[in-house]
Amino acid sequence: MPKNLPTLFAVSLLFASGSTFAETTALTPHTAEYQVYYGSIELGRARYILDAPQGNFFRYRFDSDVGLLMLSDRRHIRSDFTLEADNQLAPMRYSVERTGTGPSFREQAAFAKGQNVVHSRYKEERAQFAYDSELFDPLMVQLQFRLDMQADKDELHYTMVKEGEVDDYAFKVVGKERVNIESGSYQTVKIEVVRDSTKRQTFFWMAPDLSYLPIRLTHFEKGSKQLDIKLLNYRFEPTTPTKTSTTEQAQVIDDASNEEG
């Protein structure tokens with residue numbers, strides 16, 4: 001396994017994300033599992049889970065376990081956020097735990113709206129950024145992207161706090177394409193990550209009939225396929241949100257407000 005593969009895998013997945021329901025959206029509780037390949041070599045699996053909301057409080061989770069020979073990379077990522085007006089998502093807290101071959105590390109970000117600041121900690125480095133209502137974390141931005149695709153928004157540009165920095169990412173629609181993979185045949189919209197150089201290219205395919213759930217993601221380095229992620233299975237679970245916030249939601253808000261301490 002190339003030494004840069006774990007980083008490539010994590011970054012690529014954070015751009016990517018049974019039965020269907022006519023009323024589903026990107027915020028309908030669901031689970032999606034993916035098979036991960038390096039070229040044609042199978043590495044392992046990754047899974048996204050959007051839990052049922054508690055009032056206006058949402059939790060999105062990602063778990064992966066990939067490896068090749070004696071090398072391994074396991075990640076557990078969590079994002080807590082709320083839904084504001086006009087289908088705009090507002091991040092509250094984001095966390096990453098990485099274990100496996102090589103040094104383990106953690107990443108945390110707390111979006112303290114009341115203090116007008118974002119607290120970030122990547123490995124042992126701390127940073128602060130000015131709070132912005134259009135600043136996202138790398139996990140829940142996938143859901144914002146899907147909501148924006150459903151709303152037929154033209155501008156697909158997002159700013160997020162990632163690895164102790166604020167980064168900008170832009171995407172463009174390439175066109176419509178039918179994707180045939182082991183789990184089925186899907187009518188999709190093909191998206192490309194906008195970059196200044198063609199040495200690195202990332203494409204992903206999203207199914208409008210599945211609330212723009214990602215079906216496949218492929219990453220190329222200098223024209224060679226490095227990463228291929230394919231949907232294995234998915235499940236939507238429409239539920240009725242509770243009317244009141246939970247104690248856990250209150251704790252997340254309090255933790256975000258006091259992260260610096």
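The chain is numbered in sequence order, starting from 1.
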With a 3.5 Å cut-off and sequence neighbours excluded, list the donor-acceptor pairs that the side chains of residues 171-182 form with protein atoms.
| residue | atom | partner | partner atom | Å |
| --- | --- | --- | --- | --- |
| Glu177 | OE2 | Trp205 | NE1 | 3.2 |
| Arg178 | NH1 | Ser185 | OG | 2.8 |
| Asn180 | OD1 | Ser185 | OG | 2.6 |

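- The backbone N or O of Thr28 lies less than 3.5 Å from a partner atom in the side chain of His30, making a donor-acceptor pair.
- In this structure, Val193 is a member of the same hydrophobic cluster as Ile191, with clusters built from ILVMFWY side-chain heavy atoms closer than 4.5 Å.
- Phe111 places none of its side-chain heavy atoms less than 4.5 Å from the side chain of Met92.
- Every residue meeting the salt bridge (Lys or Arg N to Asp or Glu O under 4.0 Å) condition with Glu124, not counting sequence neighbours, appears here in chain and number order: Arg121.
- Side-chain contact between Asp132 and Thr159: absent, with no pair of heavy atoms (C-beta onward) separated by less than 4.5 Å.
- Remark: aromatic rings of Phe136 and Phe145 are distant, center separation not under 6.0 Å.
- Remark: side-chain polar atoms of Asn56 are paired, donor with acceptor, to backbone N or O of Leu83 under 3.5 angstrom.
- Side-chain contact between Glu192 and Thr202 is absent, with no heavy atoms from C-beta onward closer than 4.5 Å.
- Linking Ile, Leu, Val, Met, Phe, Trp and Tyr whenever their side-chain heavy atoms come within less than 4.5 Å puts Met140 and Leu156 in one cluster.
- Considering only heavy atoms from C-beta on, Tyr212 stays 4.5 Å or farther from Leu147 through its side chain.
- Between Asp73 and Arg75 there is a salt bridge, since a side-chain N of the basic residue sits under 4.0 Å from a carboxylate O of the acidic one.
- Both the sub-6.0 Å distance and the 45° axial angle are satisfied by Lys190 relative to the ring of Phe203.
- By the 4.5 Å heavy-atom criterion applied to side chains, Gln88 and Glu134 are counted as neighbours.
- Here Glu155 does not pair with Lys153 in a salt bridge; the nearest charged N to carboxylate O distance is not below 4.0 Å.
- From Gln108, atom CD reaches atom CZ of Arg78 across 9.5 Å, with rounding to the nearest 0.5 Å.
- For Glu42 (side chain) and Tyr37 (main-chain N/O), no donor-acceptor pair under 3.5 Å exists by modelled atom type.
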Point to revise | Pair Val96-Arg106, side-chain contact (heavy atoms from CB on, under 4.5 Å): steps then yes or no | key: CA-CA 5 Å; Val96 179; Arg106 292 185 178 183; over 6 Å; no
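- Here Tyr169 and Tyr158 keep their ring centres 6.0 angstrom or further from each other.
- Panel note: side chain Glu221, backbone Leu227; no donor-acceptor pair is recorded below 3.5 Å.
- In this structure, a donor-acceptor pair under 3.5 Å is absent between the side chains of Thr25 and Ser211.
- The existence of a salt bridge linking Arg59 and Asp80 is confirmed by a sub-4.0 Å separation between a basic side-chain nitrogen and an acidic carboxylate oxygen.
- Taking the ring centre of Tyr131 as origin, the terminal cationic atom of Lys113 falls outside the region bounded by 6.0 Å and 45° from the ring axis.
- Using a 30° and 60° split on the angle between ring planes, Tyr122 and Phe105 fall in the perpendicular class, above 60°.
- Side-chain contact of Thr82 with Glu84: a donor-acceptor pair under 3.5 Å is present, judged by distance alone.
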